[in-house]
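First the structure, in the form of structure tokens, and then the observations on it.
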Amino acid sequence: MTFSSIAYANLRSHAVRTLATLFSVLLAVASFVALIGLARGVEQSLLSALNQRQTDVVITEKGAVDLISSIVDEDLAERIEAFDGVSDAAAELTRMTSLDNGGSAVVVAWHPGAYPWRALTLSQGALPDERAGEAAVVGEAFANRYGLEVGDALRLFHTDFEILGIADSESLLTRNLVMLPLATAQRLTFREGQATAINVRLDPALSQAGKTAAIERLKTGFSEYAVEDIQALATGHTFARIADVLSRSIAVVALLSAVFAIFNTMSTAVRERRGEIAIMNAVGWSRQQIVLLILLEAAVLSGAGGLLGCAAGAGVAHAVAGWDAVSGIVDPAISPRLLAEGLLISIFMGLAGALLPALQTTSLSPASVLRGK
Amino acid sequence: MTGASSIRSFPPKGSISARDLVKTFNRGSTRALDHLDFGAAPGEMTAVTGPSGSGKSTLLYALAGLIDLESGSVSVSGETPRTHAEWTRMRQRHIGLIFQDDWLLPTLTCAQNVELPMIGLEHNQKRRRERVDELLKRVNASDLADRTPAGLSGGERQRVAIARSLANRPEILLADEPTGELDSGNSQIVMDLLTTLSTREKMTIVIVTHDPRVARACGRHFVLCDGKGTYSDLSSETEAS
Ligand SMILES: Nc1ncnc2c1ncn2[C@@H]1O[C@H](COP(=O)(O)OP(=O)(O)OP(=O)(O)O)[C@@H](O)[C@H]1O
Ligand SMILES: [Mg+2]
């Protein structure tokens, strides 16, 4: 028999109470893992889409709250391309639109021949050329979801588009995109001459330091615009920031409620076991040992809840990411680090919730408890 | 009754003595111990008797360091513990405790209950288990080792509790009405056990009891009344009755 087997026996003897508390820890840790994982996933999916596109810098309207509401002049791309250290620049128009079948689509548009088109890997069909009008390339996941093939029609902006090609990509966002020729998209969304962003590819021959310097020069040269490297864009983006703050606050509430559940369980346990605690003290267990035993019980309980919560959270995040409303936007980023954080937090919660009840045991007077039941 | 002085001097190991103990309850209105002196020599078996509420249990808990006293001091095997930590160590190594209720932990088996006091003192699991076997055999409860206390009779439970009190080979055993809940057959078994411990192993035993038969089994007799105590020579008293 060891310390932990006593703790385990105590937990097992109140199976229902133990399971109920374990479940509340599980829920708290699951929401922490799922929410933080999804929020980070928003950043990750944007970042990997931009990476796949070989974009280093994105230039948007200064002060725009998100990528979609930004407006810049499409001719800005030419001025930027002429800039020292820049290899390519492409005007991009991004819209989110609903589909006739109730789903939604993220639509991006570039001029045919622009570098983001060239960065695509097509699994079927071809890219639009200069003369293309109502033509689209869709990501493979998008095509699969709606059963689309090359030559099929896709209705967007009240217009039928012909699917020219299907693109495969490492990036979940790209796999779910609808890509159009810029001029067509501008005309159908009444944004002639406008773009939402300029995608910039720096000279691939530049060193990392050279790239950083080029970005700095772009920032000074185009100070009336928001010039951001893609890392800053992904994390600093309002959408990502809101997701981050929201997920954190909900997770904190869930975690605090679990601390309270543990507090409640452990104080009930301590109250019920006054006699046992008194007898342990009477047979020579020190107060510290008794406090440790109570803390250990809480840590075992919350640690088990945390483990299950990590698994449940990862499962929930992947399930949520598969929902039609968000699929293609969010790729849950459940890293081992996030799981370790979830587990550590759960154990910490257990200790925090059990501390007061554990310390209460030291103020029990064994004699008054043991003198008779 | 002899009014002999209750303070004597003993060789330290196994002796227990108390001087000038004062313990009040209810903001001083109840004097459970009123400047009480008590002493027991190594190997002695003392019965503490007296009317209900006279302070018997309070004395026993004071001897075990389980209550905070207003004044007075207790010496165990020549040491005078003062802090909670010192008392805990004292109970762990030198004092075994038995109560009217057995206070076995319901979540543990009988063997684990007996093992409980050894945790923190004997770190070798195998030696602990051997000691548990030996103790359960001693109280004739070997067959109860793997059972939990729930289904056991009062006599069986009290025997296991006695085994637990002996776990760390204490020199002193303090018992508060150990037969209070038992029928006469089981009382006899428990008393035979305690008597053997006193005579064969020279353990110092203090038993609080209401039962004259239990008191008669003890060599010395300490009578409490209103928090004050006197010794009476029991052997002459018993022979006279
Ligand atoms: N925790 C306590 N709070 C209040 N009063 C107490 C407490 N413990 C003991 N007393 C009082 O102290 C006095 C002595 O109590 P104690 O339990 O020592 O008596 P006792 O001789 O063991 O009695 P009994 O034979 O009924 O067990 C009694 O008046 C009792 O009510
Ligand atoms: Mg009593």
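As the structure is a prediction and not an experimental result, all values here were calculated from the model. In what follows, every chain begins at residue 1, and chains take the letters A, B, ... in the order their sequences are listed.
Between the B:E86 side chain and the B:R82 main chain, a donor and an acceptor come within less than 3.5 Å of each other. Using modelled atom types, no side-chain atom of B:S54 and backbone atom of B:D226 make a donor-acceptor pair closer than 3.5 Å. For the pair B:R147 (side chain) and B:C110 (backbone), a donor-acceptor distance under 3.5 Å is absent. The main-chain N or O of B:D101 is never found under 3.5 Å from a side-chain atom of B:Q158 such that the two would form a donor-acceptor pair.
Of residues 120-146 of chain B, those residues with a non-hydrogen atom less than 4.5 Å from any non-hydrogen atom of chain A are, in numerical order, B:G120, B:Q125, B:R128. Within residues 253-273 of chain A, no residue has any heavy atom under 4.5 Å from a heavy atom of chain B. Scanning residues 160-183 of chain B against chain A with a 4.5 Å heavy-atom cutoff picks out B:R164, ordered by number. Of all residues spanning residues 282-290 of chain A, those with a heavy atom less than 4.5 Å away from chain B's heavy atoms are A:A282, A:V283, A:G284, A:W285, A:S286, A:R287, A:Q289, arranged by number.
In this structure, chain A has heavy atoms under 4.5 Å from both the backbone and the side chain of B:L116. Using a 4.5 Å cut-off between heavy atoms, B:L97 contacts chain A through its side chain alone, with no backbone atom that close.
A 6.0 Å sphere centred on CZ of A:R274 holds no more than 12 heavy atoms belonging to other residues, nucleotides or ligands. Within 6.0 Å of the CD atom in B:E201, the count of heavy atoms belonging to other residues, nucleotides or ligands exceeds 12.
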Report task. Run the numbers on B:H84 and A:T362 for side chain to side chain contact (heavy atoms under 4.5 Å, CB included), then give the verdict. Result -> CA-CA 10 Å; B:H84 283 295; A:T362 62; over 6 Å; no
Requested in this report: Start with the C-alpha distance between A:M280 and B:L105, add both sets of side-chain angles, then the distance that settles side chain to side chain contact (heavy atoms under 4.5 Å, CB included), and finish with yes or no.
Outcome: CA-CA 9 Å; A:M280 290 172 95; B:L105 267 52; 4.3 Å; yes
Report task. Would you check, one step at a time, whether the test side chain to side chain contact (heavy atoms under 4.5 Å, CB included) holds for A:V29 with A:C310? Result -> CA-CA 6 Å; A:V29 174; A:C310 283; 4.1 Å; yes
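Atoms CG and OG1, from A:L356 and A:T361 in turn, are 11.0 Å apart once rounded to the nearest 0.5 Å. For the atom pair NZ (B:K56) and SG (B:C225), the distance works out to 10.0 Å, reported to the nearest 0.5 Å. Once rounded to the nearest 0.5 Å, the distance linking OG of B:S198 with CD1 of B:I207 reads 8.5 Å. Note that the CD1 atom of B:I95 and the CH2 atom of B:W87 stand 5.0 Å from one another [nearest 0.5 Å]. With rounding to the nearest 0.5 Å, the separation of CG in A:L344 from CG in A:L339 is 11.5 Å.
In this structure, a donor-acceptor pair under 3.5 Å is absent between the side chains of A:E170 and A:S48. Inspection of the A:S346 and A:S302 side chains reveals no N or O donor paired with an N or O acceptor under 3.5 Å.
Heavy atoms only, all atoms of each residue included: A:P357 and A:G353 are closest at CD-O, 3.4 Å. Nearest heavy atoms, A:L172 versus A:N176: O-ND2, 2.9 Å.
Among B:G96, B:A85, B:P106, the residue with the largest count of heavy-atom pairs under 4.5 Å with chain A is B:P106.
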